[in-house]
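Whatever order the structure lists ligands and atoms in, that order sets their numbers, starting from 1.
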Amino acid sequence: MITRLVEDKAKALATSAELPAFVYDLTALREHAAEVKTALSVPGGPEIFYAAKANPDVPILQALAPYVDGIEVASGGELAHVRETLPDARLAFGGPGKTDRELELALELGVERIHVESPHELARLARIVDAAGQDVDVLLRVNLAGDRSGVALAMIGPFGMDPDLIETCREILTASPRVHLRGIHAHLASGLDASAMVRQSAEILDWGRSWLDKIGHEGPREFNVGGGMAVDYGSPNDRFDWKQYGQDVAALARPGETLRIEPGRSISVYSGWYITDVLDVKQAHGQWYAVVRGGTMHIRTPVTKQHNHPFVALKGSGGGPQVTDQAVTLVGQLCTPKDVFARDVSTESIAVGDLIAFSMAGAYAWNISHHDFLMHPKPTFHYLDA
Ligand SMILES: *Cc1c(COP(=O)(O)O)cnc(C)c1O
């Protein structure tokens, strides 16, 4: 499953002593994004806004731009960065705890939709647009209780408003003619397969339509039903069924409604690789370890998700310690037992000098990691284009 492009690059980087390295296959990213776009391009199909927080690297954003309808940003920092990188992109701005300064920035930089997370935020936004003499379009973010069992991550916490709290927004909206309610936003969970995602989208639509009807909302309506499309690190070839989701969610849309999604992980994760080499192989208290250059300070993903990170081993020239036909734990250079990439994985053999290419490193990897811990050298970064 490693692409020729990435494998050749890995070997070249080993020769030039540039490991560890993050290598991104932009061609593969474009192909994947084009497939997703095609799957969603059915009548009534949702618009797609890429969630920048998954991976906001400039070459990633630029490669994705032709295949997405816009970008979702979750902070003033992301907002400024994405606006500078893609001056014409349509933007949506979500996230809890937006400051006044961030809301002002959203007006200055031409955000198309603000996803409002609380009545207090809505009231502050209303004051800011009044002072600026500007109008703003908002979606109210709702947090529906529902049953989220079986998901990778339920968005339990201060994300959006539960149906009781959202009632408070009615008065604020009535008193604020410059704030235009366009519809409802919800991002309820991560790790849903296509049919579970369709059911969740339907739940949001049902609730949203009836609430908008109840408050007498008129005109076209938008429903942003969030991201969280499943990514399976244990089975990298099982991908979210975009075709089924596209068809089934499009069938839910009614005339006058725009649906929108904002996936991150499922878009960029497959295009990135963290490539390193084995520095040592040894046994400790019966357990075999392979120590690789770098560590989870560069790619925190296996620690946060508590999984075995998928990888491909490429044979080196050998000659050093090795282990054959044993379960091996892959660790990094950090002085903590938590620095584990994969525990007890079976490999035919693993030897000092082998290259280890961790796949699925294109999302929530480098950018969520505690880089400076132990002051090892930073990885090098490479964006490959065929
Ligand atoms: C993180 C996030 C997303 C993207 O989630 P993925 O699991 O990466 O698809 C979308 N919307 C909101 C509000 C988020 O916080």
Do H185 and ligand 1 have an N or O pair less than 3.5 Å apart? no
Is there any N or O on G264 that sits under 3.5 Å from an N or O of ligand 1? yes
Return the residue, atom name and 0.1 Å-rounded distance of the protein heavy atom closest to atom 13 (C) of ligand 1.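 Result for atom 13 (C) of ligand 1: E262 OE2, 3.4 Å.
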For side-chain hydrogen bond (donor to acceptor under 3.5 Å, both in side chains), just list the numbers for H298 and Y274, CA-CA rounded to whole Å, side-chain angles, deciding distance to a tenth of an Å, and then say yes or no. CA-CA 9 Å; H298 295 161; Y274 178 70; 2.8 Å; yes
For ligand 1, which atoms, with element, lie under 4.0 Å from some heavy atom of [X]?
X    : result
R265 : 6 (P), 8 (O), 9 (O)
Y364 : 1 (C), 4 (C), 5 (O), 6 (P), 8 (O)
A51  : 3 (C), 4 (C)
P263 : 9 (O)
S190 : 7 (O)

Y245 and W242 aromatic ring geometry - parallel, tilted or perpendicular at 30°/60° bounds: perpendicular
Relative to each other, are the rings of Y383 and Y24 parallel, tilted or perpendicular (30° and 60° limits)?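 Rings of Y383 and Y24: parallel, under 30°.
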If the test is side chain to side chain donor-acceptor pair (under 3.5 Å), which one of K98, R141, H115 qualifies with E121? K98
Using heavy atoms and a 4.0 Å limit, tell me yes or no: is G228 in contact with ligand 1? yes
Is there a heavy atom of S266 sitting under 4.0 angstrom from any atom of ligand 1? no
Is a side-chain N or O of S75 found less than 3.5 angstrom from the main chain of G77, in a donor-acceptor match? yes
Among the clusters formed by ILVMFWY side chains lying less than 4.5 Å apart, do F22 and L19 turn up in the same one?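 Cluster IDs for F22 and L19 differ.
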Treat each ILVMFWY residue as a node, draw an edge where side-chain heavy atoms are under 4.5 Å apart, and state whether L64 and L26 are in one component.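 Cluster IDs for L64 and L26 match.
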If you measure from atom 5 (O) of ligand 1 to every heavy atom of H187, R141, M229, which option wins on shortest distance? H187
I'd like the name of whichever of E117, H115, K53 reaches closest to atom 3 (C) of ligand 1 through any heavy atom. K53
Straight-line distance of T27 OG1 to L5 CG, nearest 0.5 Å: 6.0 Å
